[in-house]
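Residue numbers start from 1 in every chain, and the chains themselves are labelled A, B, ... in the order their sequence lines are given, proteins ahead of strands. Note that these values count all heavy atoms, side chains included, but never hydrogens, waters or copies made by symmetry.
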Number of protein chains: 2
Amino acid sequence: MANIKDIAELAGVSIATVSRTLREPHKVKPATSKKVNEAIEKLSYKTNLVASSLRKQKADAVIVAVPDLHNSFVAGLVQGVENVARENGIKVMLGVTEGKQELLDRHYEMVAGKQADGMIVLDVNTPSAIINNTSGKPLPIVLTCEYEAILLCPRVRFDNIEVAAEAVSYLVSLDHKNVAYISGSRTLRMSRDRQSGFRLGLRRAGLTVNENIIAGGDYRIETGVEATQALIESGEKFTAIVCESDEIALGAIHTLAEAGLQVPEDISVLGMDNIRFAQYGNPPLTTIALKSSQVGEQAMRLLLDYYLDAEAANREIILPHQLIERKSTAQLLSGK
Amino acid sequence: MANIKDIAELAGVSIATVSRTLREPHKVKPATSKKVNEAIEKLSYKTNLVASSLRKQKADAVIVAVPDLHNSFVAGLVQGVENVARENGIKVMLGVTEGKQELLDRHYEMVAGKQADGMIVLDVNTPSAIINNTSGKPLPIVLTCEYEAILLCPRVRFDNIEVAAEAVSYLVSLDHKNVAYISGSRTLRMSRDRQSGFRLGLRRAGLTVNENIIAGGDYRIETGVEATQALIESGEKFTAIVCESDEIALGAIHTLAEAGLQVPEDISVLGMDNIRFAQYGNPPLTTIALKSSQVGEQAMRLLLDYYLDAEAANREIILPHQLIERKSTAQLLSGK
DNA sequence: TTGTAGGCGTTATCAA
DNA sequence: TTGATAACGCCTACAA
């Protein structure tokens, strides 16, 4: 591979001039720059980005740390990060955590090791580096969705309390009075906020808050299946279910159908996320749209801001959500 | 950030000894190594991987280039790459191509620029670097699924001809004689092979090959919807559909249902991929499982082999597929 | 077993 | 407008 020295020799100039031709073309005489560019073309020279990084003390790369990619919410977030990163000439490194603190921390070492300029996190855990950060300065980390007890860290998330409260309001507007709730976690701040929102929604409607809440272990379709089975077996009375993800909702509909219950005639089901499959569900799923690609985009922007001004970027962005009415929810027939 | 020199000073040794303590611990006296490790701990030193890369002329990173992450087949592949990469201490950089040659080539420049050691590609395009490669030596690129007219390049894929042929055989074993086919592309080698397989399957069964093939533009659910509408409007007679992806199949079932056709009573539908949603379809989808995570894993292994021996790694891996019977296909009732 | 020193390929400062 | 040169932080012969 040709390096900058080879170009300098072939063009008959110094390496400084070659570098300038590449980075600050306006500072070099057109004739010189022409010679240099010809040499570059001829040897098909490409800047060695590793050397460049080392010298500039900047990697032009970020890490996006996520538990896995199976979930389309996660995939959307990564895609969002990539979009904004690419616009800005920044590379994205993938950090799968499997929900393990250790792996998350190991990914952060790439930031510590200067191989990346910052990290965007979507995970149940918080990087130890943040927790132990006593420097008084925020680290180049952006937290998304989850945001437990963090003092100094930019973050982007949804208004989870409102999301769930509006889900309830909508069902109440369809005359439902016995609303069950399937959560994806009992520990995540996001889930706990949504559960608070669920109760808030019921109270706003003047309904008694019964604890018809089933907490699953994650947001996958299997969780929806199991939780719905548990709900049915519990014998509790309900005419609608709020689910913390579309996958859970899809699992719920599936299980309800197997139990001989029709959606939405017998039970209304409402999801969250608005994944691509939601509108092709049977029936198409009513859901609250939470655009994960927006989360990724905003998180990446925050990281870019951070690079310009660490203090200014130390803030929280709350993204909008939107109810999308489809066919999995319906007016409660009187007498139920 | 503390660097190797700081550690050397604090431990009272040379930087060579520090480096050795990290890379070749057996070559250093335990007492010395203890001092060094204490210093490392104290200053929470982390190797600067950029400097290390530059010196070693090895990035310990690979790029995985994919059109986008919306598709779960793609996400699975990326996940597979990540798994094997992580086991081997290699970082994964994400390269989204949007199906554009230019972006794919730009991602390869990171390999050319030494920021990555190799690239794994799942895309409609082939990197120009391969096409223009006249060096006689294979490049550190592994192609997956797609493999058009490539002379010198390791690759991993499925036996697409057999995949489609078996799909047909299975439907024929259920007495179907009028089988339609929805493809995801008319240009991709993968799709063309599957179409060949479709015809082969019909011929094997002694059936006339009618050209009941609808070619969609991609493998998404929307394509299944549109193609199925076209199929219904065409007035052609068919009792089963082979779809080139589960998403297409899900879209087909959705559209069939809207047209008042029951699956599998009226029409059998068979997909490919076995995505996570397949078993929760309504009805659960019969499909040919193509594990994309395996593709990613094998591709990454091939790249590792390549690093050890470029020639030996210049080969093709063909992965197994498997028919999974669920409820979207059924015996054809006589008289249809 | 440890230390010295050169070099990986850039960028950026300073002087010419 | 250009060139010489000193870093960036690390690894690894080679010498001691």
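- In this structure, the CD1 atom of Ile4(A) is 14 Å from the C1' atom of dT5(D), given to the nearest Å.
- In this structure, Leu49(B) places its CG atom 16 Å from C1' of dC8(C), rounding to the nearest Å.
- Under a 4.0 Å N-O distance rule, the pair Asp305(A)/Arg315(A) qualifies as a salt bridge.
- Following rounding to the nearest Å, Lys56(B) (NZ) and dG6(C) (P) show an atom-to-atom distance of 23 Å.
- Per the geometry, NZ belonging to Lys58(A) stands 11 Å off P belonging to dA12(C), to the nearest Å.
- Within residues 106-118 of chain B, no residue has a heavy atom under 4.0 Å from DNA chain C.
- You'll find the side chain of Thr144(B) stays beyond 4.5 Å of the side chain of Val121(B), heavy atoms only.
- Following rounding to the nearest Å, Ile7(B) (CD1) and dG9(D) (C1') show an atom-to-atom distance of 12 Å.
- With sequence neighbours left out, Ile4(B) forms a side-chain contact (heavy atoms from CB on, under 4.5 Å) with Ile15(B), Val18(B), Ser19(B), Tyr45(B).
- The shortest non-hydrogen separation linking Ala112(A) to Lys46(B) is CB-CG, 4.0 Å.
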Per-pair distances, 0.1 Å, donor-acceptor, side chain in residues 23-33 of chain A, under 3.5 Å, sequence neighbours excluded:
| residue | atom | partner | partner atom | Å |
| --- | --- | --- | --- | --- |
| Arg23(A) | NH2 | Thr47(A) | OG1 | 3.0 |
| Glu24(A) | OE2 | Lys27(A) | NZ | 3.2 |

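- Within 4.0 Å of Ile15(B), counting heavy atoms only, lies at least one base atom of the nucleic acid.
- Formation of a donor-acceptor pair under 3.5 Å by the Asn133(B) side chain with backbone atoms of Lys137(B) is found in this model.
- In this structure, Cys153(A) and Ile130(A) approach most closely via the heavy-atom pair SG-CD1, 3.5 Å.
- Around NZ of Lys35(B), the count of heavy atoms belonging to other residues, nucleotides or ligands within 6.0 Å exceeds 12.
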Under-3.5 Å N/O pairs linking protein and nucleotides 14-16 of chain D:
none

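- Taken residue by residue, residues 25-45 of chain B places heavy atoms nearer than 4.0 Å to DNA chain D at Tyr45(B).
- Distances shorter than 4.0 Å separate some side-chain N or O of Ser14(B) from OP1 or OP2 on dG3(C).
- Each of Ala51(B) and Gly12(B) was assigned the nucleotide of DNA chain C with the nearest heavy atom; the assignment lying further toward the 5' end belongs to Gly12(B).
- Here Lys46(A) lies in heavy-atom contact (under 4.0 Å) with sugar-phosphate atoms only.
- Distance from the side chain of Val13(B) is smallest to dG3(C) among dG3(C), dA4(D), dC10(D).
- At least one donor-acceptor pair under 3.5 Å links the side chain of Asp6(B) to the backbone N or O of Asn3(B).
- Side-chain atoms of His70(A) do not come within 3.5 Å of backbone N or O of Gly76(B) as any donor-acceptor pair.
- For Arg23(B) and dG9(D), the CZ to C1' distance is 12 Å, given to the nearest whole Å.
- Val50(A) comes within 4.0 angstrom of nothing in the nucleic acid, heavy atoms only.
- Listed pair Asn48(B) / dG9(D) fails the phosphate criterion, with no side-chain N or O lying under 4.0 Å from OP1 or OP2.
- Between dG3(D) and Thr17(A), a contact under 4.0 Å exists linking OP1 or OP2 to a side-chain N or O.
- Rounded to a whole Å, the CG atom of Asp6(B) is 9 Å from the P atom of dG9(D).
- With dC10(D), dT11(C), dC8(C) as the choices, the nucleotide that has an atom nearest any side-chain atom of Leu54(B) turns out to be dC8(C).
- With hydrogens and angles disregarded, a donor-acceptor distance shorter than 3.5 Å links the side chain of Asn125(A) to the backbone of Gly99(A).
- Nucleic acid contact class of Ser52(B) (heavy atoms, under 4.0 Å, all strands): sugar-phosphate only.
- Distance Arg55(A) CZ to dT5(D) P: 16 Å, rounded to the nearest Å.
- A donor atom on one side chain and an acceptor atom on the other are not found under 3.5 Å apart for Glu146(A) and Thr126(A).
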Tabulate below the donor-acceptor pairs under 3.5 Å that side-chain atoms of residues 84-92 of chain B make, not counting sequence neighbours, or state none.
| residue | atom | partner | partner atom | Å |
| --- | --- | --- | --- | --- |
| Arg86(B) | NE | Glu82(B) | OE1 | 3.1 |
| Arg86(B) | NH2 | Glu98(A) | OE2 | 3.3 |
| Arg86(B) | NH2 | Glu82(B) | OE1 | 3.1 |
| Asn88(B) | ND2 | Val84(B) | O | 2.8 |

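- Side-chain nitrogen and oxygen atoms of Gln57(A) include at least one within less than 4.0 Å of the OP1 or OP2 phosphate oxygen of dG9(D).
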